[in-house]
Amino acid sequence: MKILVVGGGGREHALVWKIAQSPLVARVWCAPGNPGIAQLAECVDIAADDLEGLLTFAVEQDIDLTVVGPEAPLTLGIVDRFRAAGLTIFGPTQAAARLEGSKGFSKDLMAKYGIPTAAYRRFSDRDEAVAYIRAQGAPIVVKADGLAAGKGVVVATGIDEAVAAVDAIMVDGAFGAAGAEVVVEEFMDGEEASFFVFTDGTNILPLASAQDHKRIFDGDRGPNTGGMGAYSPAPVVTAEIHRKILETIVRPTIVGMAREGCPYAGILYVGLMIAQGKARVVEYNARFGDPEAQPLIMRLKSDIVPVLLGCARGEMRQTELEWHDKAAVCVVMASGGYPGPYEKGFAISGLDEAAKIEDLFVFHAGTAARDGQIVNTGGRVLGVTGLGATVAEAIAKAYQGVERISWQGARYRRDIGRKALNRNV
Ligand code: AMP
Ligand code: GLY
């Protein structure tokens with residue numbers, strides 16, 4: 001088979017790494033890819049949101065399966081375009097990707113199908129949103145309706161902060177059209193986890209549990225990021241909670257989407273808040289998590305290609321995935337200053353040293369090749385991912401890799417995975 005992976009981050013590097021190992025696969029391309037991916041696949045210089053360019057390439061190369069990594073092409077309708085051209089593609093349609101692309105849509109779906117989540121109201125009028133916030137009190141959460149690159153959510157500890165968030169989104173237009181509407185919702189306390197299932201629109205195949213670290217600083221302090229590290233399995237998702245998530249959240253979501261006339265196929269990412277043995281939805285994403293994909297895929301024993309193909313064709317037959325017994329921990333190394341402005345173009349050293357370490361893999365995200373060197377070009381630069389018999393051993397392995405690698409200003413959290421240890425698992 002000939003496979004095209006769309007995207008160029010750590011998540012796509014992990015997907016390509018796994019897909020390339022499948023005996024079903026003859027050639028793998030990645031658009032646009034990155035220097036790490038280039039060691040495993042042929043990178044083509046087409047942007048992930050250039051639907052026209054991607055379609056032309058897929059038709060020309062007679063691609064058997066296209067796998068979409070990031071949300072932008074999904075919400076732009078890449079799946080609809082490819083299907084209309086008779087191509088097989090993994091991911092939700094534009095209508096189904098609204099689960100991620102519109103917070104209002106996803107909250108209304110949850111309300112209609114009784115899926116546990118924070119109480120909320122939608123507003124397209126600034127004054128009404130402010131009046132509601134004043135009546136509810138703080139803490140309270142304000143979200144731009146549309147995609148805002150992970151920056152459209154403000155968890156406000158005071159009323160003034162919440163009102164300022166509404167003004168930034170609706171009056172100042174901080175996120176453009178994505179902020180024409182806001183969702184104001186109840187603050188939920190608890191521990192977050194990321195839950196993923198493969199689905200063909202009807203059948204559901206859950207992945208192992210995982211947990212992300214969204215804040216930039218140790219101890220979950222500082223501003224939100226795309227994710228500074230992840231591990232799997234996540235002990236907060238006990239067997240009982242896993243069962244409840246499938247029954248009370250995942251199944252009604254998939255059934256609800258089908259009933260609404262927009263069946264959801266692809267990978268569904270449910271962001272959860274877990275407290276007192278109950279899980280509630282924080283948000284849905286229409287794609288794999290990044291960095292969660294990195295530890296999850298390193299633990300996955302089953303061939304991923306038949307699963308991706310089954311979801312894309314609407315006939316997934318697998319009922320179980322096989323996992324390595326080992327735990328996996330991914331530590332993200334980011335550019336100095338991230339998630340704020342940062343300097344690019346510094347040479348990265350130690351990648352060859354890290355490559356010699358057993359049970360360790362360094363996934364590339366924001367890197368580029370320049371004058372025979374690898375340099376940082378993005379916020380999140382590398383996902384250093386280690387395997388170990390326990391989470392503690394996987395943490396030690398990942399940091400062994402991190403210590404070998406450096407560039408000017410590189411930053412990373414030193415406490416990735418500690419939450420799992422605090423539970424004594
Ligand atoms: P989202 O983009 O919806 O995932 O929100 C980003 C982050 O904001 C989440 O990962 C949570 O840490 C936090 N968050 C979002 N909604 C809530 C909520 N209702 N209560 C508490 N924290 C929230
Ligand atoms: N790790 C968070 C995300 O992929 O959105």
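Note that the numbering runs from 1 along the sequence shown for the chain. Both counts, for ligands and for their atoms, begin at 1 and track the order of listing.
- By heavy-atom distance, the residue among Asn285, Thr117, Val141 lying nearest atom 18 (C) of ligand 1 is Val141.
- In this structure, of Arg287, Lys214, Glu292, the residue bringing a heavy atom nearest to atom 5 (O) of ligand 2 is Arg287.
- Close approach of ligand 2 to Asp212 (heavy-atom distance below 4.0 Å) involves ligand atoms 1 (N), 2 (C).
- Under a 4.0 Å heavy-atom criterion, Gly227 is not in contact with ligand 2.
- Every atom of ligand 2 is numbered from 1 in the order shown, and the set under 4.0 Å from a heavy atom of Gly289 is 4 (O).
- Donor-acceptor pairing under 3.5 Å is recorded for the side chains of Glu292 and Tyr269.
- Ligand 1 has no nitrogen or oxygen under 3.5 angstrom from a nitrogen or oxygen of Val153.
- At a heavy-atom cutoff of 4.0 Å, ligand 1 is contacted by the side chain of Lys143 but not by its backbone.
- Because its NZ or CZ atom is not both nearer than 6.0 Å to the ring centre of Phe288 and within 45° of the ring axis, Arg11 does not count as a cation-pi partner of that residue.
- The cationic group of Arg414 lies under 6.0 Å from the six-membered ring centre of Tyr412 and within 45° of the ring axis, placing it in a cation-pi geometry.
- Using modelled atom types, one finds no donor on one side chain facing an acceptor on the other under 3.5 Å when comparing Gln294 with Tyr231.
- Contact atoms of ligand 2 toward Pro291: 1 (N) (distance under 4.0 Å to a heavy atom of the residue).
- Listed by number with element, the atoms of ligand 1 under 4.0 Å from a non-hydrogen atom of Lys214 are 10 (O).
- At a heavy-atom distance under 4.0 Å, atoms from both the backbone and the side chain of Met188 approach ligand 1.
- Every atom of ligand 1 is numbered from 1 in the order shown, and the set under 4.0 Å from a heavy atom of Glu185 is 16 (N), 17 (C), 18 (C), 19 (N).
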